[in-house]
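A short worksheet on the structure shown next.
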Amino acid sequence: MEQTLMDKLTILADSAKYDVACTSSGASRTARAGILGSCYAPGCCHAFTADGRCVSLLKVLMTNCCAFDCSYCVNRKSNDIPRATFTPRELAELTVEFYRRNYIEGLFLSSAVLGTPDYTTERMLAALRLLRGEYRFGGYIHAKAIPGTSPELLQQLGYLADRLSVNVELPSEQSLNLLAPDKGRHSIFRPMKQIAVSGAQSKQELTVYRHAPKFAPAGQSTQMIVGASPETDYHILKLTEGMYQKYSLKRVFYSAYIPVTEDTRLPALDTKPPLLREHRLYQADWLLRFYQFKADEILDEANQSFNPYLDPKCNWAVQHYGLFPVDVNRAPFEMLLRVPGIGPKSARRIWHARKLSSLGLDELKRMGVVLKRAQYFITCKGFAGAHPGRGTAGRERITQALIDPNVFGGSCEQLSLFTPPAVDDLITQGVAPRAAMRMVREEAVQCLAKAL
């Protein structure tokens with residue numbers, strides 16, 4: 001039976017839900033006569049979520065008919081699911097009609113591998129050429145590059161899309177060979193390198209000729225699945241740092257593995273997605289990009305997993321408590337960034353304001369410093385640092401202030417998404433949720449206090 005356009009949209013939009021969309025466009029394109037749509041650098045549309053994410057992208061696959069058999073993927077060829085494929089014209093018209101109805105401001109286009117990577121990319125290119133050429137669509141487009149695509153087709157894709165991404169998916173070559181035998185390390189990192197080189201060349205050309213064509217002006221990103229393979233947090237973080245340095249990535253996205261099929265190579269179907277681990281990776285990723293941390297400072301060979309109760313920055317501060325307190329009026333900018341409760345914006349405000357006058361607690365509070373945490377790690381004008389008390393009680397008071405509120409932010413009716421496994425274990429044994437959270441929190445505080 002012939003599928004309608006709505007049938008295809010239902011199937012292919014649902015199949016795309018495991019792809020993590022970008023948080024901002026990163027490129028600007030103003031509206032001009034004869035052009036449909038525009039692109040604003042901080043985001044893809046005029047409505048943003050509280051954390052800055054754009055919510056109005058049409059996220060869809062070109063097709064979910066796949067020639068690959070990646071064991072973790074719902075669209076793998078051996079899985080018995082409804083299949084559908086857009087024609088380039090259908091996808092282009094759908095995007096434009098959604099835009100005209102003010103449903104979307106941009107397109108997030110990915111695809112399974114229909115036949116070969118090159119054939120799939122040619123169909124994606126045909127759709128983007130219709131959008132950019134015939135329909136004069138100037139909105140944001142994020143395109144997923146298919147591993148194994150020829151350099152020539154990838155180059156063409158970069159001149160039509162604002163952002164490209166090649167998904168690493170699995171953090172090691174060993175796991176890739178085991179779970180995704182149709183993919184290879186070279187087929188992933190070769191296009192990633194090409195995108196980085198072509199993007200840098202495009203920027204140089206634009207300094208000479210401002211009307212030179214732009215190659216993926218919003219850069220590139222990638223995605224890794226967390227929990228499908230045995231790699232440690234330290235391994236993933238080191239890989240992330242290496243990709244930022246080598247390929248100039250804008251973002252690395254992490255996706256907690258959701259069991260979708262029974263396979264002896266994968267976690268059991270009743271395994272819960274490692275949401276807390278994903279959350280910690282995003283926090284550590286933030287430290288790499290904005291706080292001048294190195295991966296080896298966050299984790300190391302001796303400690304390869306994140307602390308479930310402290311965010312990575314607070315965990316580092318606890319492990320290096322001897323470096324504190326620091327005087328906010330004298331400390332280097334790099335050290336200000338490492339104080340719990342002081343973020344990049346607050347650190348910059350302190351850096352500029354202290355050139356004019358000495359800062360006290362009132363000034364720090366107005367600058368956005370979270371004094372509940374920072375008070376144990378700083379001194380300033382008229383403040384010699386908070387004194388929590390001596391002995392175990394004092395150390396526990398500090399850890400109470402540092403412990404991650406996301407972990408114990410639930411109630412007996414609604415537990416936090418990031419609740420650590422120890423709480424779940426107690427609830428399974430029949431302990432009331434509120435009591436379980438209190439018991440685990442008290443034990444965590446005592447253990448963390450010993451580290452001080």
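Since we're looking at a predicted model, the values are computed, not measured.
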With a 4.5 Å cut-off on side-chain heavy atoms, are [Y] and [X] touching?
| X | Y | result |
| --- | --- | --- |
| Leu249 | Met192 | yes |
| Leu364 | Ile342 | no |
| Leu323 | Arg338 | no |
| Thr379 | Val326 | no |
| Phe98 | Leu107 | no |
| Asn177 | Glu173 | yes |
| Leu299 | Phe306 | yes |
| Phe324 | Val339 | yes |

Report the C-alpha separation of Arg265 and Asp263 in whole Å, then their side-chain angles, then the decisive distance to 0.1 Å, and conclude whether the salt bridge (charged side-chain N to carboxylate O under 4.0 Å, His left out) test is met.
-> CA-CA 5 Å; Arg265 297 168 293 176; Asp263 194 305; 2.9 Å; yes

Take Asn167 and Lys144 through the side chain to side chain donor-acceptor pair (under 3.5 Å) test and state the conclusion after the steps.
-> CA-CA 8 Å; Asn167 283 357; Lys144 291 277 186 178; 2.7 Å; yes

Is a side-chain N or O of [X] found less than 3.5 angstrom from the main chain of [Y], in a donor-acceptor match?
| X | Y | answer |
| --- | --- | --- |
| Ser202 | Phe215 | yes |
| Thr222 | Val166 | yes |
| Gln304 | Glu301 | yes |
| Tyr72 | Ser229 | no |
| Glu241 | Ala295 | yes |
| Gln375 | Lys372 | yes |
| Arg348 | Phe333 | no |
| Glu363 | Gly360 | yes |

From [atom1] ([X]) to [atom2] ([Y]), nearest 0.5 Å:
| X | Y | atom1 | atom2 | answer |
| --- | --- | --- | --- | --- |
| Arg163 | Phe108 | CZ | CZ | 10.0 Å |
| Leu288 | Gln283 | CG | CD | 12.5 Å |
| Leu9 | Leu91 | CG | CG | 10.0 Å |
| Ser110 | Asn64 | OG | CG | 11.0 Å |
| Leu178 | Ser71 | CG | OG | 7.0 Å |
| Ser198 | Tyr159 | OG | OH | 6.5 Å |

Considering all heavy atoms of both residues, which atom of Cys380 and which atom of Asn329 are nearest to each other, and what is their separation?
->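 Answer, listing the atom of Cys380 first, then Asn329: CA-ND2, 4.0 Å.
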
Exercise: identify the closest heavy-atom pair between Ala256 and Pro273 =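 Shortest heavy-atom separation between Ala256 and Pro273 comes out as CB-CB, 4.2 Å.
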
Partner residues of Tyr257 under the ring-ring contact (aromatic ring centres under 6.0 Å, His included) criterion, sequence neighbours left out |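 ring-ring contact (aromatic ring centres under 6.0 Å, His included) list for Tyr257, sorted by chain: empty.
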
With His320 via ring-ring contact (aromatic ring centres under 6.0 Å, His included) - residues at least two apart =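 For His320 the ring-ring contact (aromatic ring centres under 6.0 Å, His included) partners, ignoring immediate neighbours, are Trp316.
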
How far apart are the C-alpha atoms of Leu94 and Val60, what are their side-chain angles, what is the distance that settles it, and do they pass the side-chain contact (heavy atoms from CB on, under 4.5 Å) test?
-> CA-CA 11 Å; Leu94 188 68; Val60 72; 5.7 Å; no

[Y] versus [X], side-chain donor and acceptor atoms under 3.5 Å:
| X | Y | result |
| --- | --- | --- |
| Asn303 | Tyr234 | no |
| Arg277 | Ser305 | no |
| Asn315 | Tyr309 | no |
| Glu231 | Ser175 | yes |

Test side chain to side chain donor-acceptor pair (under 3.5 Å) applied to Ser165 and His142, step by step | CA-CA 8 Å; Ser165 56; His142 181 160; 2.9 Å; yes

Within 45° of the ring axis of Phe253 and under 6.0 Å from its six-membered ring centre, is that where the NZ or CZ of Arg251 lies?
->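 Positive - Arg251 is close enough to the ring of Phe253 and near enough to its axis.
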
Does Trp286 have Arg289 sitting over its ring (NZ/CZ under 6.0 Å from centre, angle to axis within 45°)?
->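 Yes, Arg289 sits over the ring of Trp286.
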
[Y]/[X] salt bridge by N-O under 4.0 Å criterion:
| X | Y | result |
| --- | --- | --- |
| Arg280 | Asp404 | yes |
| Arg132 | Asp162 | yes |
| Asp327 | Lys381 | no |

Take Gln194 and Gln155 through the test side chain to side chain donor-acceptor pair (under 3.5 Å) and record every step on the way to the result.
-> CA-CA 8 Å; Gln194 181 185 347; Gln155 197 74 14; 3.1 Å; yes

Measure centre to centre between the rings of Tyr321 and Tyr376, then say whether the value is under 6.0 Å.
->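 Centroid separation for Tyr321 and Tyr376: 6.0 Å or greater.
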
Would you check, one step at a time, whether the test salt bridge (charged side-chain N to carboxylate O under 4.0 Å, His left out) holds for Arg373 with Asp311?
-> CA-CA 12 Å; Arg373 293 185 169 197; Asp311 69 61; 3.0 Å; yes

